[in-house]
Student: 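Following this message is one structure expressed as structure tokens.
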2 protein chains.
Amino acid sequence: MTKPNPTLHPLTPDEQRFAKMLKALGNPLRFQIVQILAEKQVCITGEIVEFTTLAQSTVSQHLKVLREAGLVEGEVDGPATCYCLNAANIRWLKERIGGWLAGCCEPDTEAVIKNVKKKRSCC
Amino acid sequence: MTKPNPTLHPLTPDEQRFAKMLKALGNPLRFQIVQILAEKQVCITGEIVEFTTLAQSTVSQHLKVLREAGLVEGEVDGPATCYCLNAANIRWLKERIGGWLAGCCEPDTEAVIKNVKKKRSCC
DNA sequence: TTGCTATATCGTAAAATTACGATATAGAAG
DNA sequence: CTTCTATATCGTAATTTTACGATATAGCAA
């Protein structure tokens with residue numbers, strides 16, 4: 001089925017970028033690739049492939065997803081491609097989630113929620 | 001195809017929990033549901049359905065994913081179910097990503113990476 | 001040029017996700 | 001007990017994701 005617009009108010013470009021990064025990181029292999037790059041700073045594709053049990057073409061495809069989400073950068077180096085994290089964008093992501101849902105998840109929020117529930121005579 | 005274990009070193013339980021949350025948030029509708037709950041504090045299923053153009057069963061399924069990721073809590077209230085964010089777990093997520101990839105994405109990392117590339121005579 | 005190496009892309013198949021309508025369930029109201 | 005209401009779950013179809021092998025591409029070396 002799949003309707004063209006699943007939400008009444010579509011995400012803003014900023015939110016789309018945010019959600020795209022989260023989605024890219026939600027895959028276990030891509031999550032690990034990011035962690036490997038964080039540790040090694042720089043890897044060529046072949047080195048990343050060696051960390052996995054997957055085919056080269058599969059890893060290359062995952063790297064594309066990470067690139068399109070802005071999480072990694074690939075630089076052609078002769079026949080190889082050199083990957084590293086996109087530090088600026090990852091910083092953006094961390095700040096973005098740090099400020100997300102501001103004031104909604106503080107330790108004292110439970111009292112607020114209980115009050116809302118009471119007002120609504122619900123729960 | 002889908003091999004049973006796509007990575008050589010599978011994610012730790014902590015990393016799995018983290019990735020599961022990110023994946024859940026990567027879907028635009030679920031992303032919005034979380035934002036709606038952050039704003040309203042409390043919603044019953046029907047209210048969330050009204051924010052979307054989707055069927056009630058579809059929204060209910062997405063709420064299940066959010067519940068299983070630990071992002072929301074549902075409390076049965078008569079015939080309805082009252083949803084709110086799971087503040088403790090969202091706090092955990094925010095702290096987890098804040099400390100993630102520590103020291104790898106600071107503004108001065110680019111110099112470090114250039115040095116690594118130089119050492120590797122790569123890129 | 002020819003050949004080698006590393007990677008990206010293509011074509012395709014399996015699996016997972018997403019969506020729907022229909023149905024089951026559980027509590028409240030009559 | 002019966003009915004209504006709200007929601008969850010079921011069965012299923014369309015779409016997307018994930019994975020593979022095969023092929024194309026681009027740079028380097030002989």
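Below, read A as the first sequence line, B as the second, and so on, with proteins coming before strands; counting in each chain starts at 1. FYI, side chains are in, hydrogens and waters are out, and symmetry mates aren't considered; it's all heavy atoms of this structure. Bear in mind that the values here come from a model prediction, so they are computed numbers and not experimental data.
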Student: Considering non-hydrogen atoms only, spot the tightest contact between A:Arg30 and A:Ala24 and give its length.
Tutor: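 That would be NE-O, 2.8 Å.
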Student: Counting side-chain heavy atoms from CB outward, which of C:dT18, C:dC20, D:dT7 is closest to B:Thr45?
Tutor: D:dT7
Student: Quick one: sort the B:Trp100 and A:Phe31 rings into parallel, tilted or perpendicular, breaks at 30° and 60°.
Tutor: parallel
Student: Is the backbone of B:Gln32 close enough, under 3.5 Å, to the side chain of B:Gln35 for a donor and an acceptor to pair up by distance?
Tutor: no
Student: Between D:dA8, D:dG21, D:dA6, which nucleotide gets closest to the side-chain atoms of B:Gln56?
Tutor: D:dA8
Student: Could you state the CD-P distance from A:Glu68 to C:dT9, rounded to the nearest angstrom?
Tutor: 9 Å
Student: Could you tell me the separation between the CD atom of A:Glu47 and the C1' atom of C:dT5, rounded to a whole number of Å?
Tutor: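 Atom CD in A:Glu47 sits about 15 Å away from atom C1' in C:dT5.
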Student: Which one, D:dT18, C:dC20, D:dC20, comes nearest to the side chain of A:Ala55?
Tutor: D:dC20
Student: It should be established whether B:Tyr83 places a side-chain nitrogen or oxygen under 4.0 Å from OP1 or OP2 of nucleotide D:dA6.
Tutor: no
Student: Looking at A:Ser60, does any N or O in its side chain come under 4.0 Å of the phosphate oxygens OP1/OP2 on C:dT7?
Tutor: no
Student: Please determine if a side-chain N or O atom of B:Ser57 lies less than 4.0 Å away from the OP1 or OP2 oxygen of C:dG21.
Tutor: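 For B:Ser57, the contact criterion (side-chain N or O under 4.0 Å from OP1 or OP2 of C:dG21) is not met.
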Student: Give the rounded distance in Å between these two atoms: NZ of B:Lys20 and P of C:dT17.
Tutor: 10 Å
Student: Out of B:Leu37, B:Leu85, B:Asn86, which residue meets the side-chain contact (heavy atoms from CB on, under 4.5 Å) rule with B:Glu73?
Tutor: B:Asn86
Student: Within the structure, does a side-chain N or O atom of A:His62 lie under 4.0 Å from either OP1 or OP2 of D:dT17?
Tutor: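 No, A:His62 has no side-chain N/O under 4.0 Å of OP1/OP2 on D:dT17.
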Student: At less than 4.0 Å, is any side-chain N or O atom of B:Thr58 found next to OP1 or OP2 of C:dT18? Yes or no.
Tutor: no
Student: Return the value, rounded to whole Å, for the distance between atom CD of B:Glu50 and atom C1' of D:dT7.
Tutor: 14 Å
Student: Between C:dA6, C:dA8, D:dA8, spot the one nearest the side chain of B:Arg67, thanks.
Tutor: D:dA8
Student: In whole angstrom, what separates A:Lys23's NZ from D:dT17's C1'?
Tutor: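 So the NZ-C1' distance, A:Lys23 to D:dT17, works out to 8 Å.
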Student: Taking NZ in B:Lys40 as the centre, count heavy atoms belonging to other residues, nucleotides or ligands within less than 6.0 Å. Is the count above 12?
Tutor: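 Open: at most 12 neighbouring heavy atoms sit under 6.0 Å from NZ of B:Lys40.
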Student: Starting at atom CD of A:Gln61, determine the distance to atom P of C:dT9, rounded to an integer number of angstrom.
Tutor: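 Those two atoms, CD and P, are 10 Å apart.
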Student: Figure out the CG/P separation between B:Asp77 and D:dA8, and round it to whole Å.
Tutor: 12 Å
Student: Counting only side-chain N and O atoms of A:Asn27, is one of them less than 4.0 Å from OP1 or OP2 of D:dT17?
Tutor: no
Student: Reckon B:Thr81 has a side-chain N or O less than 4.0 Å from the OP1 or OP2 of D:dT7?
Tutor: no
Student: Given D:dG21, C:dT18, D:dC28, identify the nucleotide with an atom nearest to the side chain of A:Pro79.
Tutor: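 Among the listed nucleotides, the one closest to the side chain of A:Pro79 is D:dC28.
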Student: Give the rounded distance in Å between these two atoms: NZ of A:Lys64 and P of C:dA8.
Tutor: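 In whole Å, C:dA8 P and A:Lys64 NZ are 10 Å from each other.
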